[in-house]
Amino acid sequence: MTTQTLHGNANVPTPPQRIDVAIVGAGFGGMYAVYKFREMGLKIQGFEAGGDVGGVWYWNRYPGARVDLPSIDYSFSFSPEIEQEWTWSEQFAAQPELLRYINFVADRLDLRRHIQFNTRVTSAVWSEERQLWTVKTDRGAVYEATYCIMATGPLSIPKDPEIPGLERFKGRLLRAARWPHEPVRFEGLRVGVIGTGSTGIQIVQEVGKDAGELFVFQRTPSFTMPMRNEDLTPEYMAEVRRHYAGIRESARNSAVGGVRPQSTRAFFSVTPRQRQQLLEDAWKSGGLAMLGTFCDLMTNAEANEHVAQFVRGKIGEVVKDPVTAEQLKPRGYPIFARRPCLDSSYYETYNRPNVHLVDLLNDPIVEITEKGVRTQSGEVELDMLILATGYDGLTGALLAFDVVGRDGRTVNGKWQDGARSYLGLMMEGFPNLFMTTGPNGPAALANIIRISENDVDWIAAAMQHMQRQGLATIEPTAQAEQGWMDLVYTLSQRSLLLKAKTWYVGANVKDKPQGLTLFTGGFAKYREHCAAAAQDGYRNFTFQRPTLARPVPHTGQEAPAEAAVAG
Ligand code: NAP
């Protein structure tokens, strides 16, 4: 029992509150979960560490933050009303517009009243006897929930670089993933950016315009391609609205969960002249068109290298200083094995006299000092240092607090050799605990909103099944989980994603188990696996009947007489 109320009155015990579903996180997955389970008549409570809804788009307010999937695709599909009421202004929406959209959805569906903001869940512990999760928060509240939904997101735990002296820096230290809400000015300042992934690239091309001097500390160069963003006309948006149903259907049945172009053409099936032309066309077309030129770019290393060389050629054409151009050309890993970035003027930024590339492969950072960054060749004095150094991806959020399942087993223990789950949705040993966009699913490789919707719908169907059958707990079998992990592993071995040191494979976090714990078979196939798992009375799961005389949460479904209980 806790001794604090939500409002912080010490010594006033707060009795646990009984709910049906605890939902951790209020990004896309958490928001949809709140809506869906409320509509099913369940008693829900959401928890969110941020001050409002939005997840990554709440936190990542850095200059240049923008989605790299088409906005019409990067939006909820579950509500035709919202689709009809919302208008996107750009092909690739910037963070402020994305956050407006997210707030619009939260207002329209009245979601906020179910979510406690500025609240971190500190533990979730399963009681076998009582068949419920006890969820505690850092505000001293305690909830007892039949189901626990971890909508904690694959990219929610930012990672500082392991560079000595970070705390010594006397200038302004900013983290991309915890960007201030008030405007930040760069004019006349000496600014440093560490990190050149998707985030760093977006920051550099914006801050380079305003900063007095900008120093970009690059360890591994990324491949980036022209976004060629466009304003969306009212006429086009009207067309989209008329055709949303078909657009969504094609997204759901695609490998990437989106409307991005895809190809069935193998690279070496067309002549060198035709290949060159297709790549030129894709470069001009912009967006992720390059990735859709050929079907075997992630499996055929030789084809991949041709495309990488094409992009290196483009870098050489844009960047005037030949030394800088060479340093910006990524080598030693396949193109698209790191997240492909989209930019509007990244390489051009290095032609500005105020922008300087510091190539850490030749001149590594030694330490952060009071005044700036010391590399082997000397100290770069800075007024401001921006960290765009990534995340403890996929697993970081769930490992950041105590999640204790059956027989005292922890997620930390279960995942000590790498994340394990069935479908990225559930874990053996953790009854009634569900993840959205979890590890071992397609997170990061497909549209996160399509995955979130798939996952929440799947969870809802499982709950309805339990209610119909009068079941109290659900848990995947160890065998089903192992089978899924074997499939994830087998598929991953064919993918060139393994050939780069990225957050996809855990390479960016010290001592993290290494491996590609993502389902690389494509979103459409993933959906098929999820649907199959719900067939035949959920045969890959064990269920228990209620141990106490307590009703199973009512989900709007009638309970039939006979229950199919395994285990
Ligand atoms: P990231 O891709 O992991 O990049 C982190 C960068 O920081 C890398 O360049 C890394 O270099 C560098 N770094 C880390 N520690 C360092 C150190 N000690 N010294 C020097 N450099 C260091 O992280 P991110 O850019 O935040 O992107 C993460 C993911 O977020 C993306 O893959 C994408 O999925 C998503 N994202 C999407 C968008 C979008 O939709 N437009 C925008 C931003 C982010 P090394 O590679 O050498 O380690």
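Counting starts at 1 for both ligands and their atoms, following the listed order.
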Counting only heavy atoms, tell me which of [options] gets closest to [atom].
| atom | options | answer |
| --- | --- | --- |
| atom 46 (O) of ligand 1 | Gln218, Lys501, Arg338 | Arg338 |
| atom 5 (C) of ligand 1 | Pro221, Ala388, Ala177 | Ala388 |
| atom 31 (C) of ligand 1 | Pro340, Ser198, Ala94 | Ser198 |

Return the residue, atom name and 0.1 Å-rounded distance of the protein heavy atom closest to [atom].
| atom | result |
| --- | --- |
| atom 18 (N) of ligand 1 | Pro161 CB, 3.4 Å |
| atom 19 (N) of ligand 1 | Arg219 NH1, 3.7 Å |
| atom 35 (C) of ligand 1 | Leu155 CD1, 3.7 Å |
| atom 43 (C) of ligand 1 | Thr199 OG1, 3.2 Å |
| atom 33 (C) of ligand 1 | Arg339 NE, 3.8 Å |
| atom 41 (N) of ligand 1 | Arg66 O, 2.7 Å |
| atom 12 (C) of ligand 1 | Gly195 CA, 3.7 Å |

Does Tyr422 have Arg420 sitting over its ring (NZ/CZ under 6.0 Å from centre, angle to axis within 45°)?
no

To the nearest 0.5 Å, tell me how far Trp484 CH2 sits from Asn440 CG.
8.5 Å

Does Leu357 reach the side chain of Asp321, with side-chain heavy atoms less than 4.5 Å apart?
no

The single option from Phe310, Tyr346, Tyr333, Tyr347 that satisfies ring pair (Phe, Tyr, Trp, His ring centres under 6.0 Å) with Phe223 is Tyr333

Logged contact type for Phe217 with ligand 1, heavy-atom cut-off 4.0 Å, is neither

